[in-house]
Amino acid sequence: MSIVNRKVLTLDEFTIQQLRDFPHATGELSGLLRDIGLAAKRVNVEVNKAGLVDILGDANTVNVQGEDVKKLDVFANNQFTGVLQHGISCAGIASEELDEFVAFDDAVSKNSKYVCLFDPLDGSGNIDVNVSIGTIFSIYRRVTPLGTIATEEDFLQPGSKQVAAGYIVYGSSTMLVYATRRGVNGFTLDPSIGEFCLSHPDIKCPEWGKIYSVNHGNFFQYSKGVQLYIDACQKRTKDNGGPYTQRYIGSMVADVHRNLIKGGIFMYPGTFDKPKGKLRLLYESNPFAFIVEVAGGRATNGKERILDIIPTELHQRTPLFIGSKGMMDELDASLAQY
Ligand code: AHM
Ligand code: MG
C-alpha cells in the first residue's frame, strides 16, 4: 500500500494556499492554473503512448509559421483551448498553432479577467525521436472591459504585464513550473495519484553556471558579437570559472529548464538569413523571460529586455538570450564590442 506524503502539496493545494494571503482574490488565477494542469495531464498521457498508437507523424497540414504540424501538436492545441474555453477564468486564447486569437463568446468567458497565450507543444520536431518536448503558457489580465469580448489588444501586451507564466516539460518525469511575481515553483507529476506535486519550491536561477546552449550549426550565420561570446565560452578554463559545457537539446523547454535549475545561458540569435531568429515573442520568449527574471536571471534580444518589447503582431519572432545573470552580463560585454 502506498503512503501519501501529506507534506507534499499538490498544484491545487498550493495555489489555494497562496490565495489565502490575498483575501480579495477571486480564485480565477488558481482556476486557470488548474485548467492548464488538467490539459497538461491529458497531453502527457498521449505523449507517453505516442510510440504505441498511430498518433505519430505529420497531420499533413502546415501551421501559420509554414512548418509541419504533427498530430500531437493538434491534440495538445485542442486540449488547452478546450479546457480554457470550458473553464470560468479565461476570456480568450492565442496559440502558436492558430492564425488568429480566439475570443470566447459566452457570458462567463466575457466576464473573465484573463487571457492565455501558449505554445501547446514546443519542440515537436523531437516527438518522433522520443526527446523531451513541452508546453509554454503566458497569462495576462485583459485590458478591455469585463463583460465585452476580448480583442487583439488583450493579447498584444508587453511581457512585463504578465500575471503568470509557466511551462510543462514532458521528460523523464513530467513537470509543471510556473511563476508569478511572488516566485517560481516546480511541480512533478506523481503518476500514482495523477497530481502535480510541489517538488521544486522557490526556484532560483544560479548567478553563474557552466552550460551554454546554442545551435552551433548556425555559428557562421551569427553576428561577430555572438561569435565572440561563443568563442569565449569555449576558451574558459578552470582558472576562470570553466571549463564550460555545451548542451543543446533543440527543445527549448528542456534546454531552458535545465539551465534555470543548474545555471547557464540559452541563445537563439538572429542569423543573416533570419535576423529575428526563430522563437516567437508571445508564446516562447516572453513566458520564459518572465520565469527566468522572477528566478533572478535575465533575458534580452541582444539589445533590449525581452519583457519591454511592445508586440505588434501575434506571431512575431525575436532573437533570445536568456539565463544566469552573470553569464548574461558577460554576453552583453561581447555584444557591446561590435
Ligand atoms: P517549434 O515551436 O516549431 O517546436 O520550434 C521551437 C524549437 C525550440 O524548442 C528550440 O529551441 C528550437 O526550435 C530549436 O531550433 P533549431 O533546430 O533551429 O536549433
Ligand atoms: Mg514552439
Side-chain angles (χ1 to χ4, degrees), residues 40 43 47 50 56-59 61-77 79-81 93-99 116-138 159 165-171 175 177 211-222 226 230 246-260 264-289 291-292 299 301 306 311 313-323:
V43 171
V47 168
L56 289 176
D58 294 343
T61 49
V62 168
N63 73 6
V64 288
Q65 330 282 343
E67 299 150 342
D68 286 342
V69 177
K70 304 288 181 185
K71 285 180 187 173
L72 265 178
D73 297 30
V74 179
F75 177 83
N77 187 57
Q79 288 304 322
F80 282 95
T81 307
I93 60 104
S95 162
E96 191 192 294
E97 295 300 339
L98 301 174
D99 283 337
C116 185
L117 294 80
F118 51 84
D119 180 353
L121 212 56
D122 182 68
S124 50
N126 284 321
I127 295 170
D128 290 353
V129 286
N130 208 357
V131 169
S132 295
I133 47 183
T135 297
I136 312 165
F137 63 90
S138 168
Y167 59 86
I168 297 110
V169 55
Y170 310 98
M175 262 189 89
V177 175
I211 300 170
Y212 71 103
S213 308
V214 68
N215 186 338
H216 253 282
N218 293 336
F219 184 84
F220 292 105
Q221 286 271 325
Y222 296 145
V226 173
I230 295 174
Q246 202 272 353
R247 289 280 180 268
Y248 191 70
I249 297 169
S251 221
M252 181 189 189
V253 178
D255 275 316
V256 181
H257 174 69
R258 179 201 52 236
N259 292 4
L260 171 67
I265 187 167
F266 171 92
M267 300 175 268
Y268 204 111
T271 57
F272 296 131
D273 290 348
K274 295 179 180 159
K276 292 187 171 169
K278 176 180 185 187
L279 303 174
R280 293 75 169 175
L281 177 63
L282 297 184
Y283 312 110
E284 291 160 333
S285 302
N286 267 341
F288 271 115
I291 297 162
V292 166
N301 65 359
I306 289 289
E313 47 183 300
L314 284 177
H315 293 284
Q316 92 189 54
R317 297 177 195 258
T318 175
L320 175 66
F321 302 88
I322 186 167

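Note: hydrogens, waters and symmetry copies are ignored here, and every other heavy atom, side chains too, is used. When a ligand or atom number is given, it counts from 1 through the structure's own listing order.
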| 4.0 Å heavy-atom contact, S251 with ligand 1 |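 Heavy atoms of S251 do come under 4.0 Å of ligand 1.
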| message | Between D73 and S124, do the side chains contain a donor N or O and an acceptor N or O under 3.5 Å apart? | response |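 A pair is found: one side chain offers a donor N or O, the other an acceptor, under 3.5 Å apart.
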| Side chains of T271 and N218: is there a donor and an acceptor less than 3.5 Å apart? |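 No, no side-chain donor-acceptor contact under 3.5 Å.
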With backbone taken as N, CA, C and O and side chain as the heavy atoms from C-beta onward, which portion of [X] lies under 4.0 Å from ligand 1: side chain, backbone, both, or neither?
{"X": "N215", "result": "side chain"}
{"X": "D255", "result": "neither"}
{"X": "F266", "result": "side chain"}

| remark: Residue set satisfying side-chain contact (heavy atoms from CB on, under 4.5 Å) with S132, at least two apart, ordered chain then number -> V169, A254
| With P269 via side-chain contact (heavy atoms from CB on, under 4.5 Å) - residues at least two apart |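 P269 satisfies side-chain contact (heavy atoms from CB on, under 4.5 Å) with V214, Y222, V226, M267, F321 once adjacent residues are dropped.
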Proximal ligand 1 atoms for [X], defined as those under 4.0 Å from one of its heavy atoms:
{"X": "D119", "answer": "2 (O)"}
{"X": "R280", "answer": "2 (O), 5 (O)"}
{"X": "E284", "answer": "2 (O), 6 (C)"}
{"X": "S124", "answer": "4 (O)"}
{"X": "G250", "answer": "9 (O), 10 (C), 14 (C)"}
{"X": "E96", "answer": "2 (O)"}

Could you tell me whether [X] and ligand 1 have an N or O pair separated by under 3.5 Å?
{"X": "L279", "result": "no"}
{"X": "L121", "result": "no"}
{"X": "N218", "result": "no"}

| message | Heavy-atom count check: over 12 atoms from other residues, nucleotides or ligands less than 6.0 Å from F272 CZ? | response | yes
Closest contact, heavy atoms only, [X] versus [Y]:
{"X": "P120", "Y": "T135", "result": "O-OG1, 2.7 Å"}
{"X": "C116", "Y": "F137", "result": "SG-CB, 4.3 Å"}
{"X": "F75", "Y": "V43", "result": "CE2-CA, 4.0 Å"}

Between [atom1] on residue [X] and [atom2] on residue [Y], distance to nearest 0.5 Å:
{"X": "L98", "Y": "T81", "atom1": "CG", "atom2": "OG1", "value": "5.5 Å"}
{"X": "R317", "Y": "L281", "atom1": "CZ", "atom2": "CG", "value": "12.0 Å"}
{"X": "D122", "Y": "E96", "atom1": "CG", "atom2": "CD", "value": "6.5 Å"}

| said: Quick check for you: within a radius under 2.8 Å, how many protein N, O or S atoms neighbour the Mg ion (ligand 2)? | reply: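 Step by step: take the Mg ion (ligand 2), keep protein N, O, S below 2.8 Å, and you get 4.
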| query | Who pairs with D119 by side-chain hydrogen bond (donor to acceptor under 3.5 Å, both in side chains), at least two apart in sequence or on another chain? | reply |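 side-chain hydrogen bond (donor to acceptor under 3.5 Å, both in side chains) check on D119 returns nothing, list empty.
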